[in-house]
Amino acid sequence: MIHTLSGATMHGWTSRWCAVVALSCATAGCSDPVGHAGDDGAGSSGALGTAGDSVGSSSGADGSSGDPDNGPPAVDAAPGGLRRLRADQYTRTILVLLGQDAAAAAAPPSDQSLLGFQSVGATQGSLSPSEIEQYEASALAVARAAVASPYTLSTIVPCVSDGPQDEGCYVKVAEDFARVAWRREVTSDELDRLVDIARAGRTFYNDSFSVGLEYELAMILESPAFIYSVELGEVRDDGKRWLTTTEWLTRASLFMLGRAPSAEELARARSGDLDGEDAPRALATEWLSSADARRAGRQFFDELLRAREVLNKSKDPVLYPLFTPEMAASMREETLRLAEDVAFGADGERDLRRLLDADYTWVDARLAQLYGLEAPASGGFERVDLPASSGRRGVLTHGSMLAVGSHPDRNSPTRRGLFVQRSLMCTEVPPPPGDVNTTLPEPTEPTTLRARMEQHMNAGGACEACHVQTDPVGFAFEFFDASGLRRELDNGFAIDASGDIPGIGKFEDAVELALLLSEDPRFGPCVVRNLYRHAVGHGEDDGVRDALGYMNDRFTAADHDFHQLIVDMIDNPAFRQVGEPQ
Amino acid sequence: MRLLKQRSLSRRTMLRGAVGGTSFVMGLPLLEAMLDRHGEAHADGAALPVRIVTWMTANGVLLDKFEPSTVGASWSLSEQLAPLQSVKPYVNVCTGFKNRGAEGQAVGGHVEGVTAFTGYPYAYSNGGAAFEPGGPSLDQIIADRVADETPVRSLQVGISKANLFSGMGGLGIGISFRGEPGAITALPPVDSPAQVWQSLFGIFPGPGAVDNDRIVRAMMLDAVKAQADTLRGKLGANDQMRVDAHLQGVAELNQKISALAPPCVMPDEPTLTNSEPVGAELIGPVNRAMAELIAYALHCDITRVVSVQFLGLAGETPYTEIGLSATKHLLSHDAQYNVQAREQLHQSVVYEMERFAEFCETLHQSDERNGTNLLDSTICYWSSDLSVGWLHSLNRQPVILVGSGRGHLKNPGVHVQAIANDPDDPNGEETAEMPSAGNISDIALTVLQAFGPITSFGGGSSEASGPLSELMA
């Protein structure tokens with residue numbers, strides 16, 4: 001069941017027929033779920049409130065205590081409860097606890113995203129029986145691989161390699177390994193059961209210590225205590241429910257490192273080393289230089305920028321011969337490389353707005369061909385400057401974004417514009433009305449897609465209210481086809497990529513729009529909101545509005561430094577506290 | 001599927017019924033020796049199994065080429081139904097029915113089309129970021145009744161992975177939902193034939209390690225259950241439901257592990273994993289592999305409840321096997337104005353019907369006894385996510401029923417039409433609205449009654465009003 005987030009608004013459209021209108025739902029969808037919720041909604045939906053009202057500057061008239069100098073404002077935090085490890089987190093955790101061979105055998109169920117992020121799905125979704133089966137099969141396979149190459153496990157429980165390989169070792173596994181995997185103490189009943197299981201396995205299989213160990217490990221990994229992180233917190237003197245140090249460490253590690261804590265990290269938490277007021281910031285700062293943090297950062301941008309979705313886009317091979325599965329993979333990698341470069345750059349060079357207006361990118365030979373650039377000498381990806389003639393700057397002109405924001409056989413200015421509005425500006429665009437015809441009538445004479453859409457979607461009528469928010473933004477990218485290839489004509493006619501959009505400004509093409517968007521004051525709050533969803537796994541309720549505003553003020557003041565935002569996030573009460581269990 | 005006829009069953013294995021004094025659920029094919037002397041029930045009086053398969057495709061049909069021209073008993077297959085020729089006596093077709101799910105808050109065609117499988121309207125949740133069905137789907141209502149009879153409670157299968165709503169997450173993207181209104185768990189389809197094989201057949205203990213393995217695994221599941229029970233008490237209502245879903249999965253897995261290996265010849269493990277990206281999917285081979293696996297599972301009585309999502313909501317994948325490069329979703333829009341797109345849309349519908357027919361034929365070829373086959377005991381319930389794509393219309397949403405459900409449905413089948421279509425505007429090009437009457441949920445209720453005295457289905461604007469006697473034998 002999906003927890004309904006407060007603050008959600010419902011639009012009131014029930015119109016069956018959207019004027020005379022409509023571009024194919026495929027093409028723009030006056031109201032078609034395709035163009036809206038279906039494809040772009042992904043919960044990057046702004047429907048929980050626009051940037052302006054939910055994550056706006058804290059210095060507004062709402063009396064928030066948002067002065068950056070006074071520390072973060074009080075919050076009414078998102079509810080505590082169960083957070084399932086995402087598939088990537090599950091596998092990375094096994095890598096740390098049991099080594100590479102074990103991680104290679106991991107096959108957890110896949111994730112569903114909600115509000116644009118799998119982390120939200122992980123606090124809301126239920127597991128189906130077939131997913132429970134997958135967890136069992138994965139646990140058994142991982143355990144087998146871990147016992148076959150026990151090096152990593154033996155760093156936690158030496159007896160598995162050094163012996164004695166007796167029942168006492170099963171007890172040690174239950175005491176020492178389960179405590180790490182479950183991120184909590186093991187009860188005596190649980191310990192007895194684990195040893196019983198190991199003993200049964202051993203007895204049934206020719207007195208094999210290894211087989212018994214396999215079943216014991218499998219049980220530890222099949223346990224809800226491994227699959228879910230349990231965030232209940234404890235009420236402190238201030239009446240607030242704070243995560244325990246280990247709960248906070250786990251939440252922070254899942255967010256920042258993309259995995260549960262290691263044995264050493266958990267030991268630090270137990271030692272009291274992380275209890276100080278300054279400890280969260282210090283630990284986060286320490287983590288930021290790790291490879292895990294970079295990988296986890298890529299995960300965030302993969303979801304935020306929807307780069308991964310290009311892998312499952314079908315394009316007409318006749319119209320777009322360059323768009324192959326390999327090209328799609330290169331496109332995703334390009335976007336993630338730019339994001340990593342911007343977010344994890346050197347001090348003073350981590351302004352996240354460069355995502356939108358970078359005049360450089362990364363290409364391999366395939367992308368170089370698509371972009372009309374020289375293929376890198378190395379054969380792999382190389383950083384290249386984008387010439388003005390390319391018409392490209394920033395992620396919005398990457399192949400990934402252009403292909404995802406298109407149909408299999410044509411552009412979708414609606415999808416492209418909707419992504420900008422919903423995911424980057426956090427503008428509320430209502431979900432579509434239901435039962436409408438969204439097919440664009442055939443033109444009486446040949447013309448551009450833009451002209452057809454302007455005639456039918458943007459010339460008054462029921463469709464205009466929403467399409468005025470999306471299509472004019474999307475028209476800026478008309479110099480790029482549905483595979484991201486530069487083109488000079490649309491249907492044989494000159495392309496007009498210009499616009500003059502209230503609240504955004506006047507531009508001639510995608511490059512000028514990119515520059516406007518990078519200066520748009522809605523971008524910062526929108527990043528903060530999305531990072532909060534990803535980090536905490538909940539939509540942003542009123543109770544954290546001031547906290548997000550506070551983080552945004554500091555983010556803005558620090559020239560949109562992503563590192564500062566991450567450190568602020570995991571130290572903020574909105575991250576360190578929970579409400580009553582949901 | 002001819003394999004089932006050629007391979008003989010071992011009577012010796014079949015006679016196993018219990019191990020160590022503990023009884024296990026065991027899938028069992030029907031054999032003469034096990035039946036009463038009329039062949040109408042098991043010798044112990046238990047009813048013979050009735051099976052359900054729900055099947056959904058997406059993006060609709062062309063009504064002028066789909067709906068048969070005459071109604072009642074003497075009807076002929078239309079162009080788009082022609083692939084069902086070899087099983088025609090088993091086919092009942094329902095046209096002109098109105099999907100009433102959208103009469104409340106309109107979520108609309110595609111999504112609301114699934115009301116044909118749930119009987120409940122859909123609603124947006126999370127401010128439009130997701131949507132949810134109002135209640136359980138018809139296959140799961142049946143599963144609730146027959147779950148204890150078979151090792152596997154129910155099976156959800158996907159053929160194409162394309163689903164334009166997959167980003168919506170939440171509950172809304174499949175066709176199988178279990179639970180009660182307000183506490184629904186989605187059962188997403190499994191796309192990989194290899195994984196389906198594992199889930200249906202691989203789960204049974206293999207040679208050499210049989211009983212020991214499952215005893216230890218059952219101990220593990222017992223420990224999981226104990227932990228989940230403890231955890232549950234610390235959580236809020238929402239998470240308690242999530243733990244309950246987890247426990248349900250554990251219980252079903254335990255039932256599978258505890259089941260005796262059925263005395264059937266198991267199908268070979270398929271190598272297909274259906275991991276090709278959308279656009280390069282092997283739809284035909286995956287469809288064939290899934291059809292075989294499902295037929296084996298039904299025949300061996302490993303499960304009686306299956307749902308197949310052939311194509312996800314508004315799915316965008318081209319049927320390359322017949323030379324098309326445009327996706328059915330796009331074609332279903334462009335077909336309004338474009339003659340070539342309309343022809344390709346027609347080809348796409350026929351292609352889908354051929355895949356469905358291939359599945360039905362696989363059941364047809366699976367002998368049970370006395371010349372009967374799986375279509376005599378099964379009802380396959382087919383629909384799409386709307387009727388006419390470019391209108392996103394839920395008027396005249398088509399339903400096909402293949403199989404008699406052990407004498408429940410008419411055989412030879414009939415064409416039941418709720419209201420005649422407008423012959424001058426069959427696809428709503430002029431009026432944007434085809435005539436439509438009745439309630440599509442009544443068809444599902446009629447099907448449900450093959451499984452017991454079920455008198456209601458669905459709720460809200462789409463609650464069923466009563467079964468359709470015209471369909472019943």
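Numbered from 1 within each chain, the chains take letters A, B, ... in sequence-line order.
In this structure, the portions of A:D196 lying under 4.5 Å from any heavy atom of chain B include both its backbone and its side chain. Looking at A:A328, there are no atoms closer than 4.5 Å to chain B (heavy atoms on both sides), in backbone or side chain. Of the two parts of A:L194, neither the backbone nor the side chain holds a non-hydrogen atom closer than 4.5 Å to a non-hydrogen atom of chain B. In this structure, chain B has a heavy atom under 4.5 Å from the side chain of A:L140, while its backbone stays farther away. Proximity to chain A (any heavy atom under 4.5 Å) is shown, for B:E281, by neither the backbone nor the side chain. Heavy atoms of B:L187 lying under 4.5 Å from chain A belong to its backbone as well as its side chain. Heavy-atom distances place both the backbone and the side chain of B:L235 under 4.5 Å from chain A. Of the two parts of B:A237, only the backbone, made up of N, CA, C and O, holds a non-hydrogen atom closer than 4.5 Å to a non-hydrogen atom of chain A. Only the side chain of A:P325 comes within contact range of chain B, with heavy atoms under 4.5 Å apart.
The residue among A:E136, A:Q118, A:E580 with the most heavy atom pairs within less than 4.5 Å of chain B is A:E136. Heavy-atom pairs under 4.5 Å with chain B were tallied for A:P408, A:A225, A:P317, A:S128; the largest tally goes to A:P408. Comparing A:D111, A:T123, A:V230 by how many heavy-atom pairs each has under 4.5 Å with chain B, the most go to A:T123. For the set B:L324, B:D222, B:V388, the entry with the most heavy-atom pairs within less than 4.5 Å of chain A is B:D222. When each of B:V243, B:L231, B:V190 is checked for heavy-atom pairs under 4.5 Å with chain A, B:L231 comes out on top. Chain B forms the most heavy-atom pairs under 4.5 Å with one residue out of A:G80, A:G81, A:A137, and that residue is A:G81. Ranked by heavy-atom pairs shorter than 4.5 Å toward chain A, the options B:S154, B:P318, B:P277, B:A223 are led by B:A223.
The number of heavy atoms from other shown groups lying within 6.0 Å of CD (B:Q340) does not exceed 12. Heavy atoms from other residues, nucleotides or ligands lying under 6.0 Å from CD of B:E180 number 12 at most.
To the nearest 0.5 Å, atoms OH (A:Y215) and CG (B:N212) are separated by 7.5 Å. The line from CE of A:M219 to CZ of B:R217 is 14.0 Å long, rounded to the nearest 0.5 Å. Atom CG of A:L127 and atom CG of B:L247 lie 11.0 Å apart (nearest 0.5 Å).
For the pair B:N238 and A:Q124, the minimum side-chain heavy-atom distance is below 4.5 Å. The side-chain heavy atoms of A:Y135 and B:H246, taken from C-beta on, include no pair separated by under 4.5 Å. Using a 4.5 Å heavy-atom threshold, the side chains of B:T230 and A:E190 count as separate. Two residues are said to be in side-chain contact when any heavy atoms from C-beta on lie closer than 4.5 Å; A:I132 and B:Q248 fail this criterion. The shortest distance between side-chain heavy atoms of B:D334 and A:D409 falls below 4.5 Å. A heavy-atom distance below 4.5 Å is not found between the side chains of B:D213 and A:F204. When side chains are defined from C-beta on, B:P188 counts as touching A:E131, because their heavy atoms get closer than 4.5 Å. Using a 4.5 Å cut-off on side-chain heavy atoms (C-beta onward), B:K234 and A:L232 make contact.
Contact between A:S126 and B:T185 at its shortest, heavy atoms only, is CB-CG2, 4.1 Å. B:A326 approaches A:D316 most closely through the heavy-atom pair N-OD2, 4.3 Å. For A:S314 against B:E316, the heavy-atom pair with the smallest separation is CB-O, 3.8 Å. Among all heavy-atom pairs drawn from B:V224 and A:E222, the shortest one is CG2-O, 3.9 Å. Of all non-hydrogen atoms in A:G125 and B:R242, the two that sit nearest each other are O-NE, 2.9 Å.
Donor-acceptor pairing under 3.5 Å is recorded for the side chains of B:S199 and A:E133.
One N or O on the side chain of B:D239 and one on the backbone of A:L82 form a donor-acceptor pair closer than 3.5 Å.
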